[in-house]
Protein chains: 2
Amino acid sequence: MAPTSSRETVAPAEPGSSPDLRELVSALEGSPAEQGLRERKKRARRAALIDAAQNLVAEHGLDAVTVEMISAEAGVSPRTFFNYFESKDDAVLGAEDTGLPEDVIRTFVEGGPTGRLLSDLQVVVAALLAPAGEAHDRVMRAMDLMQQEPALLRRHVVWMDRHKSRLGELFEARRATSPFTTDAELLTMLVLLMLRTALVAWEHAGYTGNPADHLPAAVAQLVDLVSADLVS
Amino acid sequence: MAPTSSRETVAPAEPGSSPDLRELVSALEGSPAEQGLRERKKRARRAALIDAAQNLVAEHGLDAVTVEMISAEAGVSPRTFFNYFESKDDAVLGAEDTGLPEDVIRTFVEGGPTGRLLSDLQVVVAALLAPAGEAHDRVMRAMDLMQQEPALLRRHVVWMDRHKSRLGELFEARRATSPFTTDAELLTMLVLLMLRTALVAWEHAGYTGNPADHLPAAVAQLVDLVSADLVS
DNA sequence: GCGCAAAAATTCATCAACTGCAAAAAGATG
DNA sequence: CATCTTTTTGCAGTTGATGAATTTTTGCGC
């Protein structure tokens, strides 16, 4: 359910905000605008559930943790758990589906900031990565847990699937104005590749700074790899 | 009748292969003769289960089909189903874990056929794709079902996860003899990208020929994409 | 064919993820 | 306080998946 947000015009000093991102921005602890007790309790419960899930899994492992435990730890009924998350995995990962900022979309569709597809793709991925940089703590713990519990990887694919059609539209829309030959499927996989590589690099760097900071290096590796094949 | 191998209860000692490499290699086309009635029945049951699963899902959709139905259709007990597959999804996809041929592994580790990482990676992916070309029918139906039921995509990632460490070892082994700077993580994702792109292209081509036939085009697209960024 | 040992299938029991439904509780509102 | 709305909760039920004991099937020597 979409949170009730009556304000359309928010003057954000936050980077990369847009109508689409408003849900995320308000979902973060950064919104002290106490829009009623109900909203606050909802956020608190959600956070408590994620905390409980992550702590319990970190301690006992994914399989040994039941939603009953998580709910008990968070002080809610098991049934309530499923009012907040549609699966145990979602809770452990603190899954939050944020859309792409509209200005990023528009720029990309119109031929992108640079006009070069790969570079412009990088900008899109950076935008996708931005929320992960804000959530930080939860994403960090989620990634650690994902390493210990590879079963959680399935959510990655669910994410991709959820965004595949959207990305596909994005690519086709851009293709109309500035044509290219690359398949949408390959581009989607490339987005996933960039996302994951950047996130892993971020993790290897001890979660310092922003995940998007490691994106250029990832792309550079890719370019080097292809270039090495060309020059030989 | 799938000539592809599954598992052999007997372990015929294959001489001459290094223990390290052999771990990466699973049974490959290991059943020359229909030895033993037991083995044949096992295969038959397995095939029957896959058939039943694929047909039922194609007709009623993934969620509407229970393992009970599949088992009934195949004429076995529900419990037996799980003796053959560890999940419903596995049966629908006819999941078969085939390893890499040993010669491909050795060649790649020793610096690959061409010495260029990307090209050599392509050879590895082609080898991974080969079994899919042989199974053909089942893979074809699996891919069709995967389009209708995106939930099945998660098995793709499970597959990748299962092979990630193996691929990682492969990359590190090669790095020792002929160094490169690319992260193993990126290479793994790149393998997945190639696999998926080639398979989708194969599907778009109406499942004619071999999936591996579409691999060069996929790589070419990637090269073009990167090149376009370089020249500008 | 007969019996025996191993392997596999089956039966039965159990657990956990997840869903629908209706009642109860708690915020919001006047 | 009275009332309306939103959310939580209890409960029953379905399904996927696993473990243990038991029965059936198979391979094989006699």
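Quick note on labels: first sequence line is chain A, next is B, and so on, each numbered from 1. Because the structure is a prediction, the values reported are computed rather than measured.
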Looking only at side-chain N and O atoms, does Tyr207(B) offer a donor or acceptor that is under 3.5 Å from a partner on Asp137(B)? no
N-O pairing of Asp51(B) and Arg46(B) below 4.0 Å: no
Any salt bridge (Lys or Arg N to Asp or Glu O under 4.0 Å) involving residues 83-95 of chain B? Give me the pairs, sequence neighbours left out, ordered by first then second residue. Glu86(B)-Arg162(B), Asp90(B)-Arg155(B)
Can you pull out the residues from residues 51-66 of chain A that lie within a 4.0 Å heavy-atom distance of DNA chain C? Val65(A), Thr66(A)
Considering residues at least two apart in sequence or located in another chain, which fulfil the salt bridge (charged side-chain N to carboxylate O under 4.0 Å, His left out) criterion with Asp183(B)? none
Interatomic distance, CE@Met194(A) vs CG@Leu187(A), rounded to 0.5 Å, equals 8.5 Å
Please determine whether a side-chain nitrogen or oxygen atom of Tyr84(A) lies at a distance below 4.0 Å from atom OP1 or OP2 of dT7(D). no
Rounded to the nearest Å, what distance is computed from the CG atom of residue Asp89(B) to the P atom of nucleotide dT15(D)? 16 Å
Find out whether Asn55(A) and Glu73(A) are in side-chain contact, i.e. whether some heavy atom of one side chain is under 4.5 Å from a heavy atom of the other. no
Whole Å only: how far is the CZ atom of Arg46(A) from the C1' atom of dT8(D)? 17 Å
Side chains of residues 58-67 of chain B: which donor-acceptor pairs under 3.5 Å do they make with residues two or more places apart or in other chains?
residue	atom	partner	partner atom	Å
His60(B)	ND1	Leu56(B)	O	3.4
Thr66(B)	OG1	Glu68(B)	N	3.3
Thr66(B)	OG1	Met69(B)	N	3.2

Just to confirm, is there a sub-4.0 Å distance from OP1 or OP2 of dA9(C) to any side-chain nitrogen or oxygen of Thr80(B)? no
When you measure from the side-chain N and O atoms of Arg45(A) to the phosphate of dT8(D), is any distance below 4.0 Å, counting only OP1 and OP2? yes
For Glu185(A), salt bridge (charged side-chain N to carboxylate O under 4.0 Å, His left out) partners two or more places apart: Arg196(B)
Under-4.0 Å side-chain N/O to phosphate OP1/OP2 contact, Asn83(A) with dT8(D): yes
Can you measure Phe81(B) atom CZ to dA8(C) atom P for me and round it to whole angstrom units? 18 Å
So do the side chains of Val123(A) and Phe108(A) get within less than 4.5 Å of each other, counting heavy atoms only? no
Counting only side-chain heavy atoms from C-beta out, which of dT9(D), dC18(C), dA9(C) sits nearest to Lys88(A)? dC18(C)
Sugar-phosphate atoms are those with a prime plus P, OP1 and OP2; base atoms are the rest. Using that split, label each nucleotide of nucleotides 19-30 of chain C B, S or - for protein heavy atoms under 4.0 Å, 5' to 3'. BBB----BBS--
